[in-house]
2 protein chains.
Amino acid sequence: MTKEQELTHNSLPCEKCPLRKRNIFRDFEADELDFVGRFKKGDLAVKKGATVLVEGAHNPHLYTVLSGWGFRYKLLEDGRRQIVNYVMPGDLVGLQGSLLGEMKHSVEALSQMVLCVFEKAELFSLYRKFPELAYDITWIASREECMLDDNLLTVGRRTALEKVAYLLVFILERSRQSGLTKNGTLSITQQHVADTLGISVVHTNKTIARLMERGHVKWEDGGCRILNPEALAELAGWTAERAGKRPFL
Amino acid sequence: MTKEQELTHNSLPCEKCPLRKRNIFRDFEADELDFVGRFKKGDLAVKKGATVLVEGAHNPHLYTVLSGWGFRYKLLEDGRRQIVNYVMPGDLVGLQGSLLGEMKHSVEALSQMVLCVFEKAELFSLYRKFPELAYDITWIASREECMLDDNLLTVGRRTALEKVAYLLVFILERSRQSGLTKNGTLSITQQHVADTLGISVVHTNKTIARLMERGHVKWEDGGCRILNPEALAELAGWTAERAGKRPFL
DNA sequence: CGAGTGATTGAGGATGCTCAAACCACGTGG
DNA sequence: CCACGTGGTTTGAGCATCCTCAATCACTCG
């Protein structure tokens with residue numbers, strides 16, 4: 001545990017979980033809530049820029065993001081970095097590590113984050129006692145897979161302009177759904193955009209400049225304000241899907 | 001059901017499943033085998049080039065690949081194609097569709113394939129009765145996620161030469177593990193390679209030519225023979241991991 | 001033989017890269 | 001209050017990679 005991380009024990013009981021209030025998340029039955037409450041081992045608060053999980057580690061924990069956001073990434077030996085996806089409130093972090101034994105990617109915080117800590121050793125007992133929750137976990141994993149498919153399509157086959165447009169609407173939409181943003185501003189760096197899309201920072205910058213000329217976005221004090229999400233969606237060939245209730249935890 | 005597909009009912013009982021003999025797959029308990037046997041609705045045989053599943057469809061089924069292989073892909077409106085991953089014996093196909101409601105990608109056969117057909121409506125009863133199998137399914141989904149992360153790293157951050165090298169060892173290794181290949185030949189088209197790696201066919205061809213000059217691979221009668229997997233792995237910065245037993249079905 | 005599929009080649013150009021420098025906002029410490 | 005360092009953005013120049021277009025070739029199949 002580095003100094004950027006701090007674990008507090010059950011400071012936040014599940015009944016008062018801030019995510020439960022948000023209506024995109026499904027409701028729990030009383031017994032489920034009770035079980036998850038005991039499954040939960042505490043909260044983990046990490047600072048912006050801190051590494052939450054590192055590739056290769058054998059972490060005994062599994063997390064759900066309660067607030068803030070971050071990104072999952074992989075590195076090549078020479079330092080080239082690929083951001084693989086972003087994690088936001090309600091997302092499960094570290095499931096791969098739980099099942100496959102070892103983390104295959106790292107996670108870093110893009111803002112102050114609070115994570116709900118679970119013991120991965122107890123995961124199977126959840127499967128035994130609460131098939132509904134087990135099903136939910138698989139659902140969450142499938143959704144992640146789905147996002148990865150999309151990202152792959154973007155990185156592989158879209159042009160730079162389409163890529164940036166895609167990424168920005170994608171992140172904006174998710175952050176709205178998870179209740180991360182109200183004002184449409186994303187505190188993200190052009191380096192992150194570049195590393196997500198597989199292009200260089202310089203070219204990313206020039207591409208963003210084109211979007212700014214068109215008045216679709218604005219880059220300000222270390223973040224991105226999206227002025228015209230519809231135009232970006234149009235450029236990216238992206239269509240929002242109405243979000244039904246979804247499971248978490 | 002198109003004419004390229006043909007469904008036969010329980011022509012192959014689970015006790016005689018060819019995958020069960022392969023020692024990379026985990027053994028079933030008698031009751032599990034019994035349940036899966038009833039969960040199975042039949043075999044689906046598809047011809048090379050046939051579409052197994054299409055994006056947007058609401059398919060009532062879920063499959064496990066028994067023999068042959070294929071690929072999952074997504075299309076952009078103007079026809080640009082991104083191959084997202086390959087499916088091989090033991091892989092689950094259509095799980096996303098089962099959970100999320102609608103297929104988000106298509107699947108096409110690269111060879112004659114036989115798939116084991118399940119009813120997705122019964123998936124939840126599997127979760128209720130056999131937590132071990134439920135856990136297995138999540139494990140499989142996590143493994144898929146892990147492969148996608150790797151593919152994203154490749155497409156986003158590796159050079160063309162590294163990309164081709166990576167893809168070839170990746171596929172070869174998987175096909176060996178799943179018992180698809182013994183002789184190290186992959187029947188795949190350069191167009192597929194291009195669409196997997198996010199580069200054009202022409203450039204793919206020139207890149208493969210470079211690998212051929214070095215004597216690492218050989219392209220012959222509509223397929224690829226890998227002469228020096230170690231050299232490719234070296235180029236790609238890829239390290240094989242010893243494969244433990246893994247679940248399926 | 002003719003059609004179809006996939007591999008191969010060349011030419012010319014667009015896209016995106018690296019390098020390098022400058023710029024800007026910010027926080028720190030003298 | 002200013003000098004300085006830092007992290008992130010912006011710009012320009014020159015070049016490598018990769019693309020498109022178009023033609024050709026090898027092979028198979030009806």
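So that the names make sense, note that chain A is the first sequence line, chain B the second, and so on, each numbered from 1.
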- [ ] Give a yes or no on whether the ring-centroid distance for Phe71(B) and His192(B) is below 6.0 angstrom.
- [x] yes
Task: CD/Gln112(B): more than 12 non-hydrogen atoms of other groups inside 6.0 Å - done: yes
TODO: Write down the distance between CG (Leu110(B)) and C1' (dG6(C)), rounded to a whole number of angstrom.
DONE: 14 Å
Task: Any Gln190(A) side-chain N or O less than 4.0 Å from OP1/OP2 of dT10(D) - done: yes
- [ ] Would you name the heavy atoms of Leu152(B) and Val84(A) that are closest together and state the gap between them?
- [x] CD2-O, 3.6 Å
Task: Integer-rounded Å distance: dT8(C) C1' and Ile208(B) CD1 - done: 11 Å
- [ ] Report which part of the nucleic acid Ala209(A) touches: base, sugar-phosphate, or nothing (heavy-atom distance under 4.0 Å, all strands).
- [x] nothing
Task: Nucleotide of dC21(D), dC17(C), dT18(C) approaching Val202(B) most closely (side-chain heavy atoms) - done: dC21(D)
Open item on the list: Centre-to-centre under 6.0 Å for Phe170(A) and Trp238(A), is that the case here?
Closed with: no
Open item on the list: So if I take every side-chain heavy atom of Thr189(A) and compare against dT9(D), dT11(D), dT8(C), which nucleotide ends up nearest?
Closed with: dT9(D)
TODO: Could you state the atom-to-atom distance from CE of Met212(A) to P of dT11(D) in whole Å?
DONE: 8 Å
Task: Nearest-angstrom distance from the residue atom CD of Glu220(B) to P of dT8(C) - done: 12 Å
Task: Nearest-nucleotide pick for Trp219(B), side chain only, options being dA7(C), dT20(D), dT9(D) - done: dA7(C)
Task: Interatomic distance where NZ belongs to Lys163(B) and P belongs to dC19(D) [whole Å] - done: 8 Å
Task: Short side-chain N/O contact to dA7(C) OP1/OP2 from Asn205(B), under 4.0 Å - done: no
Task: Ile199(A) side chain, from C-beta outward: closest of dC18(D), dC17(C), dT9(D) - done: dC17(C)
- [ ] Provide, to the nearest angstrom, the distance between the NZ atom belonging to Lys206(B) and the P atom belonging to dA16(D).
- [x] 17 Å
